[in-house]
Amino acid sequence: ITSCEKSDTPVVENEMEVFTNATIVVTNLSDNSETTYVFEVEAHDHHDHEGGGVAPSEGEGDDDHGEHTEIELAANSEYEFAITFQNNTDASNPIDMTEEVIEEADDHHIFYEFTDSSLTYESTTGDTIDSSGNPLNLVTKWTTTTGSVIDVAAYLFHIPSSKVGTTRADFGGAVDVEIDFEAHIE
């Protein structure tokens with residue numbers, strides 16, 4: 001007779017993820033120049049599946065103008081946007097949360113919502129792909145057309161109901177991170 005010993009210690013499936021910052025590195029693909037933007041993010045609640053649980057953050061990038069960070073882009077150009085996530089609650093022990101997002105790629109998805117079609121994006125070289133073949137969108141290529149000012153909302157979803165869509169409502173799930181900025185195409 002074989003038996004297994006039952007443990008009295010419950011197994012924690014997924015500790016609460018804490019995100020304090022999101023960093024976007026924008027690389028102009030025509031000359032490889034880079035600009036880094038750092039955004040502070042609010043606490044999240046995985047029980048909020050309606051998408052309103054995270055307040056928009058203020059950016060701390062090179063072009064910070066108060067309420068919104070402005071990211072300057074040239075018309076008819078291509079850029080690489082690489083986003084990472086951090087937990088800096090303990091300044092002496094900052095944690096790169098991007099690795100956890102990658103390890104749990106099936107449970108996460110990044111989506112950028114634009115108010116104008118002068119800007120598009122797609123997954124590109126270096127991005128992480130989940131077990132179903134869906135890109136995580138940690139590394140994306142953005143293509144601009146005509147001059148415009150576009151409001152951008154960037155979301156990191158936790159357990160989205162879909163990883164395909166054109167608006168926030170198409171994805172379901174909880175919001176781990178939401179940041180807002182303006183893309184200025186000139």
Side-chain angles (χ1 to χ4, degrees), residues 10-26 37-61 67-69 71 79-89 94-117 119-143 150-183:
V11 175
V12 177
E13 289 187 26
N14 189 9
E15 292 183 23
M16 183 72 122
E17 298 162 323
V18 176
F19 300 89
T20 60
N21 297 90
T23 302
I24 298 176
V25 176
V26 179
Y37 301 87
V38 178
F39 300 85
E40 290 183 12
V41 298
E42 301 279 329
H44 63 88
D45 182 359
H46 282 179
H47 300 291
D48 171 22
H49 293 279
E50 300 304 314
V54 179
S57 64
E58 288 188 22
E60 294 183 354
E67 290 186 28
H68 277 86
T69 294
I71 296 180
Y79 295 84
E80 178 183 277
F81 274 57
I83 190 167
T84 58
F85 304 98
Q86 300 81 38
N87 174 350
N88 295 324
T89 53
I95 300 169
D96 180 359
M97 297 299 292
T98 311
E99 287 303 316
E100 184 172 338
V101 171
I102 291 170
E103 288 171 8
E104 298 176 2
D106 289 345
D107 293 337
H108 290 95
H109 186 72
I110 298 161
F111 172 67
Y112 297 95
E113 189 168 37
F114 304 139
T115 58
D116 187 295
S117 62
L119 185 60
T120 60
Y121 76 94
E122 63 186 345
S123 174
T124 192
T125 304
D127 197 11
T128 299
I129 307 298
D130 72 12
S131 66
S132 297
N134 297 305
L136 190 53
N137 291 330
L138 284 167
V139 183
T140 51
K141 180 175 75 174
W142 294 37
T143 303
I150 302 170
D151 290 326
V152 178
Y155 301 95
L156 171 60
F157 296 120
H158 187 85
I159 310 180
S161 56
S162 172
K163 291 193 175 186
V164 178
T166 57
T167 68
R168 177 353 184 172
D170 295 335
F171 293 91
V175 176
D176 277 343
V177 172
E178 177 183 350
I179 57 175
D180 297 326
F181 58 90
E182 291 179 351

key: Non-neighbouring partners of E182 that pass side chain to side chain donor-acceptor pair (under 3.5 Å), sequence neighbours left out   = H184
request  = Evaluate side-chain contact (heavy atoms from CB on, under 4.5 Å) for L138 paired with I110, printing each intermediate quantity in order.
outcome  = CA-CA 7 Å; L138 284 167; I110 298 161; 3.4 Å; yes
query = Will you find, in the side chains of S131 and D106, an N or O donor that is under 3.5 Å from an N or O acceptor?
reply = yes
query = Looking at L136 and I102, what are the two nearest heavy atoms and their distance?
reply = CD2-CA, 4.3 Å
task = Might you point out which heavy atoms bring D170 and S162 nearest each other, and give the distance in Å?
result = O-CB, 3.5 Å
remark   = Hits for ring pair (Phe, Tyr, Trp, His ring centres under 6.0 Å) against F111, two or more places apart or cross-chain, chain-then-number order -> F171
note = dist T143:OG1 -> E122:CD (nearest 0.5 Å) comes out at 6.0 Å
ask   = Atom CZ in F19, atom CG in N88: separation rounded to 0.5 Å?
value = 12.0 Å
query = Shortest non-hydrogen contact from V26 to Y37?
reply = CG2-CE1, 3.8 Å
remark   = Closest heavy-atom pair, E113 versus R168, reported as atoms and distance to 0.1 Å, is OE2-N, 3.1 Å
message = Please give me the minimum heavy-atom distance between E80 and T125, naming the atom from each residue.
response = OE1-O, 4.5 Å
key: Value rounded to 0.5 Å, distance of CD1 in I24 from CD1 in I83   = 4.0 Å
query = Does K141 reach the main-chain N or O of T120 with its side chain, forming a donor-acceptor pair under 3.5 Å?
reply = no
request  = Report the distance from atom CE of M97 to atom NE2 of H108, rounding to the nearest 0.5 Å.
outcome  = 8.0 Å
task = Could you list the residues that satisfy ring pair (Phe, Tyr, Trp, His ring centres under 6.0 Å) with F81, not counting sequence neighbours?
result = W142
ask   = Taking Q86 as the fixed residue, which of T23, D96, T20 is the one that meets the side-chain hydrogen bond (donor to acceptor under 3.5 Å, both in side chains) rule?
value = T23
Rounded distance [0.5 Å steps], CG in D151 versus CG in L119 = 11.5 Å
request  = Could you tell me whether a side-chain N or O of T98 sits under 3.5 Å from a main-chain N or O of F85, the two making a donor and an acceptor?
outcome  = yes
ask   = Which atoms form the tightest heavy-atom contact between V177 and V175, and what is the distance?
value = O-CG1, 3.3 Å
message = With a 4.5 Å cut-off on side-chain heavy atoms, are N137 and Y121 touching?
response = yes
query = When rounded to the nearest 0.5 angstrom, what is the spacing between CG in D107 and CZ in F157?
reply = 14.5 Å
ask   = Do the side-chain N and O atoms of S132 and N134 include a donor-acceptor pair separated by under 3.5 angstrom?
value = no
